[in-house]
Amino acid sequence: VEEVLEQADYLYGSGETEKLYQLLVQHKNSDDAELLWRLARASRDLAQLSSTSAEEKRQLAYEALEYAKKALEKNESNFAAHKWYAICLSDVGDFEGIKTKIGNAIVIKEHFQRAVELNPKDATTIHLIGIWCYTFAEMPWYQRKIAATLFATPPTSTFQEALRYFHMAEEADPNFYSKNLLFLGKTYLKLNNKKMALLWLSKAKEYPAHTEEDKQVR
């Protein structure tokens, strides 16, 4: 297992998404949470590639959720298992429509918060709670109506709360992610603070584009 993990982390660092998936999918019946959450991440990364067909994207999203769920079952106190379970559950919501997406929202946030409790230094998870807050702060009225029918007290948030998490992520690991810089800028725009928005959006624009996502951010 150690050897496979080492190889997997090397491939992940090199951006070898397809090779990484091929390596890890051979171990899909493993009982090791470290292997399983990495497989969930690799499946999701493969789904995100522009060369992946719509049907494959869907299949990989559901596969990724299964692997993440299994990782959680194997080790409840693995922060990455909580993190990737929440991410994959959110992805599946994209295929099942707005009702499922809102219905899963509270579970998703709980898993993100548990991941941060287990690893307070993980800036990406803190960023994702910020995204969760931003999404609910921005939610249009008709989606709020759906939320109100699903929950006694529907999930809500504010742009101030989102901003707090984006800043916390930046403090945990400065300049770690182009999208965090982008969302700091976007959130300041929502709060009508153009000066701060310009500062963070300029940083996002100047961020070296290593991944497809960085290029989209730019």
Side-chain angles (χ1 to χ4, degrees), residues 8-17 20-21 34 37-50 52 57 60-61 64 68 78-91 93-94 105 108-138 157-191 193 196-218:
D9 290 345
Y10 174 76
L11 289 171
Y12 181 74
S14 316
E16 296 277 5
T17 308
L20 176 60
Y21 176 78
E34 290 289 332
W37 74 253
R38 281 174 174 80
L39 177 55
R41 179 180 68 183
S43 308
R44 184 182 186 271
D45 285 349
L46 194 58
Q48 304 281 329
L49 293 180
S50 48
T52 307
K57 280 182 198 297
L60 285 162
N78 184 307
F79 93 92
H82 284 280
K83 171 182 176 174
W84 289 99
Y85 179 73
I87 291 172
C88 296
L89 189 59
S90 176
D91 285 350
D94 293 338
I108 289 167
K109 192 180 186 187
E110 280 168 359
H111 282 283
F112 280 146
Q113 286 174 324
R114 183 74 186 115
V116 173
E117 277 167 26
L118 292 165
N119 182 3
K121 290 259 176 280
D122 187 55
T124 316
T125 309
I126 304 169
H127 162 82
L128 290 167
I129 300 175
I131 294 282
W132 189 99
C133 296
Y134 186 96
T135 306
F136 275 94
E138 198 183 35
S157 190
T158 62
F159 291 117
Q160 279 88 349
E161 193 183 5
L163 189 68
R164 191 166 62 83
Y165 280 108
F166 294 139
H167 272 299
M168 276 167 64
E170 212 50 43
E171 277 162 33
D173 189 1
N175 221 26
F176 73 105
Y177 188 27
S178 57
K179 207 169 173 184
N180 200 58
L181 303 173
L182 174 70
F183 269 88
L184 274 160
K186 285 177 74 159
T187 312
Y188 272 117
L189 270 182
K190 292 281 186 190
L191 296 167
N193 187 335
M196 290 302 282
L198 184 63
L199 171 81
W200 289 103
L201 292 173
S202 302
K203 286 187 182 193
K205 186 172 169 279
E206 287 151 18
Y207 194 89
H210 294 303
T211 66
E212 223 167 292
E213 193 174 39
D214 293 335
K215 286 171 195 155
Q216 287 165 1
V217 163
R218 187 175 280 180

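If you read the sequence from its start, that first residue is 1, and numbering goes on from there.
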Taking the six-membered ring of Tyr12, is NZ or CZ of Arg41 closer than 6.0 Å to its centre and within 45° of its axis? yes
Sequence neighbours left out, what passes ring-ring contact (aromatic ring centres under 6.0 Å, His included) with Phe136? Give chain and number order. Trp132
Where is the tightest heavy-atom contact between Thr124 and Lys83, given as atom of each residue plus distance? CB-NZ, 3.6 Å
Checking side-chain polar atoms at under 3.5 Å, does Ser178 have a donor or acceptor matched by the opposite partner on Asp214? yes
Sidechain N-carboxylate O distance under 4.0 Å for Asp173, Lys121: no
Can you tell me how far the CG atom of Leu181 sits from the CZ atom of Phe176, to the nearest 0.5 Å? 8.0 Å
Counting the benzene-type ring for Trp, do His127 and Phe166 have ring centres under 6.0 Å apart? yes
Rounded to the nearest 0.5 Å, what separation is found between the CG atom of Leu128 and the CD1 atom of Ile87? 5.0 Å
Using a 4.5 Å cut-off on heavy atoms from C-beta on, say whether the side chain of Phe159 contacts that of Glu138. yes
Do Glu34 and Arg38 meet the salt-bridge criterion of a basic N to acidic O distance under 4.0 Å? yes
Could you pull out all donor-acceptor pairs under 3.5 Å where a side-chain atom in residues 182-189 meets a protein atom, sequence neighbours excluded?
unit_1 : atom_1 : unit_2 : atom_2 : d
Thr187 : OG1    : Phe183 : O      : 2.5
Tyr188 : OH     : His167 : NE2    : 2.9

Residue pair Glu213, Tyr177: steps toward the side chain to side chain donor-acceptor pair (under 3.5 Å) verdict: CA-CA 10 Å; Glu213 193 174 39; Tyr177 188 27; 2.8 Å; yes
Might you point out which heavy atoms bring Val116 and Thr125 nearest each other, and give the distance in Å? CG2-CG2, 3.6 Å
Once you round to the nearest 0.5 Å, how far does CD1 of Ile131 lie from CZ of Phe112? 9.5 Å
If you compare all heavy atoms of Asn78 against all heavy atoms of Ala80, which two are closest, and at what distance to 0.1 Å? OD1-N, 3.0 Å
Strictly by modelled atom types, are Glu161 and Tyr134 linked by a side-chain donor-acceptor pair under 3.5 Å? no
Restricting to non-hydrogen atoms, name the atom on Ala115 and the atom on His82 that form the minimum distance, rounded to 0.1 Å. CB-CB, 4.0 Å
Pair Glu206 + Lys203, salt bridge at N-O below 4.0 Å: no
